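Presented below is the structure to which this report refers.
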Amino acid sequence: MASITVSRHLFTFTTALGISLFSSAGWAARDFTPQSGTWVISAELNGQPGRGLGIDVQGNTFAMQMFGYEKNGDATFYTAVGQMQGNTVSAPLVRYTGGRSFGSEPRDAQEDKVLGDVKLSFSNGLQGTLQLPGEPEVAIERYVFTGRDSPYYQSERWMRAKRYAVWLALNEQGQVVADWKAELQWGLQDPMPLILRKGALTNTLECTRPAHKETIRCEAVDATQAPSVQAAEFRMVGSQTAGSISLREGAVAPLLLQGVNTRTDFPYRGAIQTGCCINGLESFSSNFPGVYYGSSPVYMPSNGVWIVQDELTGKPGRGISLDAQGDLLTMQVFAYQANGQPTFFMGVGGYQQESERSYTSTATLVLNQYKGGRSVGGAPAIAELAQSAGEVRVSVLGGFDRSLALAQVQFPGEALKTMQRLPMELPQSTAEKLFGEWYFSWFQANGMPITTTLNRMDGDMAANEDGSVKCRYSAEAGEFNCLRSTSPSNTSRFKSPDDFFLSSDYFRVRDRHGNWMGLGNIPLD
C-alpha cells in the first residue's frame, strides 16, 4: 500500500448488484461495525503503490471494491457485494467491462467474469482478515492517513483547538451504563486537559500521547477534580472514538468506551470544523452553522460509496469512493477506459472552505492512473504511475441542515454533476428508518435510561417496549417528531437531511438488526 501521496483506494459501485434490504433472522448481531473508507492489506502497507480496498458496511449489507491489476499490469477493479453473517462475509469477486470513460457518452457496463469468492472476517471496526481467490488469508486494517501525530495536528492552529464528543460506556453485557459530553483541549504539548460533563457533575483528567501510538491516555489527578472517573484510554478515528474508561466506583474492570466526535473549535480564529453522517469524518455539527463564528466551518463529506445521481439507473456503471481525514480528501473513481476495459483513478488533495465566509468546502485533485501492480493470485509487485487523467473538483455545501451525503463533482472533460453517498439499505418504512437503539440526549431525565430501543410500531409511530418514547417520521418534511409519554410537554422535533443519522444530540447506537454501530473493542497497546 502506498503512502498517501500515491495511495491506492478503491470503490466502484453499481446498483445492479442487488443491494437491498435483507432480514437478519438467525444471524448473530455484531458488537461493532467496520468503518467505511479505505482499507489495506497490512503486509502491503509499505509506502509503495499497490492494492487497496474500499469497504462500506451499512446494516448487514457489505460492499467492497478492490483495486488491483491484471496479469499484464493494467489497472483494474473488482466488486464484491454480500450480506454479513455476524462478523464475516463471503461474496463473489466480479469484474465488469464496457462502462463509461471520462467525457464519453453514457454507457452501461456488463459483467465480464467472476474470479471466485472473496472471504472477510472482522475482529473490530478497524481490523480483519481477507482471503482472495488463489491467495492465503491475510490481515487487513483501516487505512489512517492523517494520524494523531500527523503535521496537520501539529500545526499552530491546533495549539488551542478544542475537540468535542459524546462518550458512552458499555458493560460486559453491551448495555450503555454511563454517558458524558467530552471536551479535549488539544495542544502541542502534554498534558492535555479532558473534561467529562454529565449534568452538573464534571470530571477533569490529564491526558498524554504515548510515543509511536495512536492512543491517548488520561488519568485523574485527584478525586476532587474527577469524583467519578479514574482513567480513560482511547483512539479517535474519523467521527468515532473507541477505547476503555475506568470509574472510581461500581465497576470492577474498565468499561468499553464508544463515542461520536461532534466538532472541533479553533477559538483564536472563531472557526469550527464540521461535518456529518455516519462514518469517516474529522468532526461535525449540523447544529452550529458558520454564521455564529468568525469564519465558516469546513464541511466534510460522509466517507464511503458515492455515485453520480444521473448514473443511478439500476445498471452497472461508474463508482466513487470518498475518504476525508483531517485536511485531506482522497478520491477513487472506478470507471472504464475508452475501449471499455475497467480501470481506477486516485487523487488526494487539500480540503478546506472556499473562503472565510463560504458554506462550501472543496478539494481539487489530480486523478492518477497506475500500472504494474500485483494481480489477484499473482506474485508481489510494486505499481508505478502510468498517467494523469486530469483534475477533478469536489464541493460540499454545508450548514442549515444540509446533507453532507450530497456533493458536486466535475470530472475531466465533463460538466458539473451532483453525486450522493449511496444508502445500501434504503429504508422503505417508518420501522426500517427508526428501529434500533438510539441515544437521545433530551430523554434522560427522571430516571429514563441512557438509550432507547425503538422496536415496535404503535400506529404510525415507532415505539420502545413500554411505549414511553415514540417517534414519527415525516418524509415530506424530512423531520422527526419524538415524544416522551411521561412528560407530554417533552416533545422534540429534529431534521435529518439524509439516511446517515448523526448529531451531537441524537444518533443510533445499534441498527435495526441489533448491530453496534461503533468500532467495538479495538486494540490499544
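If you're wondering where the values come from, they're calculated on a predicted model, not measured in any experiment.
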I'd like to know whether the aromatic ring centres of Phe440 and Tyr506 sit less than 6.0 Å apart in this structure.
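Centroid distance Phe440-Tyr506: not below 6.0 Å, so no.
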Does a side-chain heavy-atom distance below 4.5 Å link [X] with [Y]?
X: Ile522; Y: Arg235; answer: yes
X: Ile55; Y: Ser36; answer: no
X: Trp167; Y: Leu196; answer: yes
X: Asn261; Y: Tyr164; answer: no
X: Val57; Y: Arg30; answer: yes
X: Leu168; Y: Val509; answer: yes
X: Leu120; Y: Ile140; answer: yes
X: Thr204; Y: Leu194; answer: no

[X] side chain vs [Y] backbone, donor-acceptor pair below 3.5 Å:
X: Gln83; Y: Phe62; answer: no
X: Gln225; Y: Val221; answer: no
X: Asn203; Y: Ser228; answer: yes
X: Gln325; Y: Phe145; answer: yes
X: Gln35; Y: Gln240; answer: no

Using 4.0 Å as the upper bound for N to carboxylate O, is an ion pair formed by [Y] and [X]?
X: Arg142; Y: Glu214; answer: no
X: Asp179; Y: Lys198; answer: yes
X: Lys470; Y: Asp460; answer: no
X: Arg197; Y: Glu183; answer: yes

Residues in side-chain hydrogen bond (donor to acceptor under 3.5 Å, both in side chains) contact with Ser42, at least two apart in sequence or another chain
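Expected list: Glu141.
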Kindly determine whether Asn515 and Asn60 satisfy side-chain hydrogen bond (donor to acceptor under 3.5 Å, both in side chains), including the steps that lead there.
CA-CA 8 Å; Asn515 301 312; Asn60 282 331; 3.0 Å; yes
Going by atom types alone, do [X] and [Y] pair a side-chain donor with an acceptor below 3.5 Å?
X: Thr330; Y: Asp323; answer: no
X: Glu425; Y: Thr61; answer: yes
X: Gln258; Y: Trp516; answer: yes
X: Asp190; Y: Thr208; answer: no

Within 45° cone and under 6.0 Å: Arg148 NZ/CZ vs Trp186 ring
no
Pairs flagged by ring-ring contact (aromatic ring centres under 6.0 Å, His included) wherever residues 192-217 is involved - sequence neighbours left out
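Residue pairs passing ring-ring contact (aromatic ring centres under 6.0 Å, His included), neighbours aside: none found.
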Assess whether side-chain hydrogen bond (donor to acceptor under 3.5 Å, both in side chains) is satisfied between Ser361 and Gln353, documenting all intermediate values.
CA-CA 4 Å; Ser361 300; Gln353 70 261 52; 5.9 Å; no
How are the rings of Phe480 and Trp438 set relative to one another: parallel (under 30°), tilted (30 to 60°) or perpendicular (over 60°)?
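Aromatic pair Phe480/Trp438 classed tilted.
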Suppose we screen for side chain to side chain contact (heavy atoms under 4.5 Å, CB included). Which residues come up paired with Arg456, at least two apart in sequence or across chains?
Asp458, Ala463
